[in-house]
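Values below: every heavy atom of this structure, side chains too, minus hydrogens, waters and symmetry copies. Please read all numbers here as calculations on a predicted model, not as lab measurements. Each chain gets a letter, A, B and so on, in the order its sequence line appears, and its residues count up from 1.
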Amino acid sequence: MSEEQNKQTLVAQETITAEVNSSDTIMDVFVRGARKGWKVAIDNIIPNVLMAYVCIKVLNVTGVLAWFGTAFAPVMAIWGLPGQAIMVILGALMSMGGAVGVAMSLFNDGTLNGTHISILMPAIYLLGSKIQYLGRLLGTAGVPGKHYPVLLGISFVNAAIAMFVMKIIAP
Amino acid sequence: MEELKRKAVKVPISGYIALMIALVIFSGLMAKVGGGWTMLDFDTLNGKFGLMKSATASFMGQGGSGARDGFLFALSLAPGVMLALGLMEIVEHYGGLKAAQRLLTPILRPILGIPGICCVALVSSLQSTDAGAGMTKALRENKDITGNELLIFTAFQFTAGGIIGNYLASGSALFSYMTVPISVPLAVMLVMKLFGANMMRLYCKMFVQEEK
């Protein structure tokens with residue numbers, strides 16, 4: 001068995017077995033998970049969100065964001081969203097945390113409201129980190145490259161439908 | 001792999017209880033019930049940041065922008081992420097994930113067209129994209145799934161990958177601004193994942209020759 005396979009089997013076993021170590025109290029278990037959360041926050045969320053805020057700042061200062069807002073207004077209006085919401089979608093393709101950062105930043109300056117956030121929420125994740133996942137998921141699992149366009153297409157269709165559904169549900 | 005199959009079958013009763021409690025906590029069902037029951041609500045447990053003395057904004061302040069504002073905002077997400085992953089760890093520790101696998105196994109073939117053996121990988125993929133990807137590769141290499149089943153299964157995982165983990169981690173930042181309970185977008189996403197996989201199922205049936 002190759003080293004890579006070994007590693008994957010290990011990952012698999014760690015995920016399922018969830019060894020019940022009787023000396024661990026429920027508090028110990030919680031703390032172990034919270035520690036993982038801290039690592040995710042520091043290694044993943046903070047750098048990604050910071051990057052998104054800087055991007056939005058650049059787009060704002062250069063006037064590109066306002067231009068995008070006008071250019072994409074007719075498209076995003078289909079889902080009852082302002083044109084600038086396209087930035088959340090584009091951000092999602094890079095990273096989910098980044099898209100959340102963009103959404104937050106647009107919420108803070110009054111471009112998006114709670115309803116808009118609710119509509120965008122499923123789309124952020126359905127389209128989330130597509131670029132990374134091409135390697136991390138499709139590459140790892142060994143999906144032939146010729147099927148990538150279909151898989152990407154499905155994600156976009158999913159996001160589009162989900163936003164329609166949310167538009168109907170969200171007050 | 002035999003080991004994995006065997007372990008996946010045994011589910012302690014605590015597993016079902018843990019799974020049920022987790023579903024209640026993350027669904028936001030108890031938010032409106034009031035009284036002590038709100039202890040079973042994620043948003044209540046997550047709480048709020050206090051306001052600065054005689055101010056209307058929390059420590060993030062108002063009107064910030066750029067990297068500094070992004071940093072403070074991201075920092076404000078940390079408690080929610082830690083709470084969510086801490087709760088998930090408890091669910092996993094008491095066998096909640098095994099219970100979910102057990103409940104899902106018989107319905108995988110009808111709803112997704114993939115064999116029940118994918119259940120472990122499927123439940124893992126909801127938490128972590130990378131764990132799901134690694135296990136899916138192993139399933140294909142062991143010839144447990146066919147080429148077309150691999151496509152359907154990866155279509156399921158590719159859209160909203162690692163959804164539970166990711167949604168609870170980064171999404172928690174936006175939970176308080178949403179006009180719907182946190183379970184609603186989650187439910188929509190899970191349905192869309194199934195829908196997407198079934199689109200791939202259809203596509204495979206029509207256009208993809210099954211490889212031996």
Practice task
Flag the one option from A/L127, A/I117, A/L50 with the top tally of heavy-atom pairs under 4.5 Å to chain B.
Solution key: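 Looking at each of A/L127, A/I117, A/L50 in turn, A/L50 comes out on top.
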Exercise for the section: Pick whichever of B/V180, B/N166, B/V188 has the most heavy-atom pairs under 4.5 Å with chain A. Expected result: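 Greatest number of close heavy-atom pairs with chain A: B/N166.
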Exercise for the section: Among the options B/L87, B/L75, B/L150, B/T136, pick out the one with the most heavy-atom pairs lying under 4.5 Å from chain A. Expected result: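 Answer, by heavy-atom pair count under 4.5 Å with chain A: B/L150.
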Handout entry: Taking every non-hydrogen atom, the tightest pair across A/R136 and B/A133
Key =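 Closest pair (atom of A/R136, atom of B/A133, distance): O-CB, 3.5 Å.
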Problem - Smallest separation among heavy atoms of B/A67 and A/V54, with atom names - result: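 Looking at all heavy atoms of both residues, the closest pair is CB-CG2, 3.7 Å.
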Problem - Backbone N/O of B/M178 and side chain of A/S118: donor-acceptor pair under 3.5 Å - result: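 Side chain of A/S118 to backbone of B/M178, a donor-acceptor pair under 3.5 Å: no, none is there.
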Exercise for the section: Using a 4.5 Å cut-off on heavy atoms from C-beta on, say whether the side chain of A/H116 contacts that of B/Y177. Expected result: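 Not in contact.
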Exercise for the section: Check whether any side-chain heavy atom of A/M121 sits under 4.5 Å from a side-chain heavy atom of B/Y167, and report yes or no. Expected result: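 Yes; the side chains approach each other to less than 4.5 Å.
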Practice task
Report, by ascending residue number, the residues of residues 100-113 of chain A in heavy-atom contact with chain B at a distance under 4.5 Å; give 'none' if the set is empty.
Solution key: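 Result: A/V100, A/G101, A/A103, A/M104, A/F107, A/N108.
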Handout entry: Distance-only polar pair, side chains of A/T140 and B/K137, donor-acceptor under 3.5 Å
Key =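 Side chains of A/T140 and B/K137: no pair found under 3.5 Å.
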Problem - Residues that A/I161 engages under side chain to side chain contact (heavy atoms under 4.5 Å, CB included), provided they are two or more places apart - result: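 A/I161 satisfies side chain to side chain contact (heavy atoms under 4.5 Å, CB included) with A/V157, A/V165, B/M192, B/F195 only.
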Exercise for the section: List in chain and number order the residues that pass salt bridge (charged side-chain N to carboxylate O under 4.0 Å, His left out) with A/K130, two or more places apart in sequence or in another chain; answer none if no residue qualifies. Expected result: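 With neighbours one apart ignored, the set is empty.
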Handout entry: Listed partners of B/F158 passing ring pair (Phe, Tyr, Trp, His ring centres under 6.0 Å), at least two apart
Key =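 Checked B/F158 against ring pair (Phe, Tyr, Trp, His ring centres under 6.0 Å); zero matches.
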